Amino acid sequence: MRTHNLIACGAVAAFALGLAGCGSQSNQTNTPTATAGPSGAQVEIGNTINYGSFGTTAEVDCADGKSLNVGGSNNKLTVTGTCANVNIGGADNTITFEKIDTGLSVVGLNNTVTYKDGDPKINNTGSNNKISKG
């Protein structure tokens, strides 16, 4: 079981690093940070957060204008703060956002995405995703 968890975390980290530049609107050159634990793996590069996990419930903070990439499946995420751009892959995630400013792209399957505030340009190229404001 431990080997399975290590492989899953490695896959999530590789996915997150692959998306590292997607959607970022900042030219900051901050040193990347990474955390991994029972609530998923999170890698932050510049002004972009890359989150990935399988079957977790977690809170992610976009602060004031960070971009967010989400990968993995069967997660329940609450995203606080204001996200600039959001990219969602994976399947069967339920994600609630406080605010999305610029863009929301969902390429995964069977995701339920709700945002409370903002007027993002929505790009839903996945399948059977439910996106709503409310």
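The structure displayed is predicted, hence computed values, not measured ones.
The number of heavy atoms from other shown groups lying within 6.0 Å of NZ (Lys130) does not exceed 12.
Asn110 is linked by a side-chain hydrogen bond (donor to acceptor under 3.5 Å, both in side chains) to Asn128, counting only residues two or more places apart in sequence or in another chain.
Here the side chains of Leu68 and Val60 are in contact, with some heavy-atom distance below 4.5 Å. Using a 4.5 Å heavy-atom cutoff, the side chains of Ile122 and Ile131 are in contact. Inter-residue side-chain proximity for Val79 and Ile95 is flagged as met; some heavy-atom pair is nearer than 4.5 Å. Inter-residue side-chain proximity for Leu104 and Lys121 is flagged as unmet; no heavy-atom pair is nearer than 4.5 Å. With a 4.5 Å cut-off on side-chain heavy atoms, Val86 and Phe97 count as touching. Contact annotation: the side chain of Asn69 approaches that of Thr48 to within less than 4.5 Å [non-hydrogen atoms, C-beta and beyond].
Note that OG1 of Thr96 is 11.0 Å distant from CD of Glu59, once rounded to the nearest 0.5 Å. Note: Thr57 OG1 to Leu77 CG = 8.0 Å, rounded to the nearest 0.5 Å. To the nearest 0.5 angstrom, Asn85 atom CG is 15.0 Å from Lys66 atom NZ.
Of the possible donor and acceptor atoms, one in the side chain of Asn129 sits under 3.5 Å from a partner among the backbone N and O of Gly108. Checked by atom type and distance alone, the side chain of Asp64 never pairs as donor or acceptor with a backbone atom of Thr82 at under 3.5 Å.
Using modelled atom types, one finds a donor on one side chain and an acceptor on the other under 3.5 Å when comparing Thr56 with Asn75.
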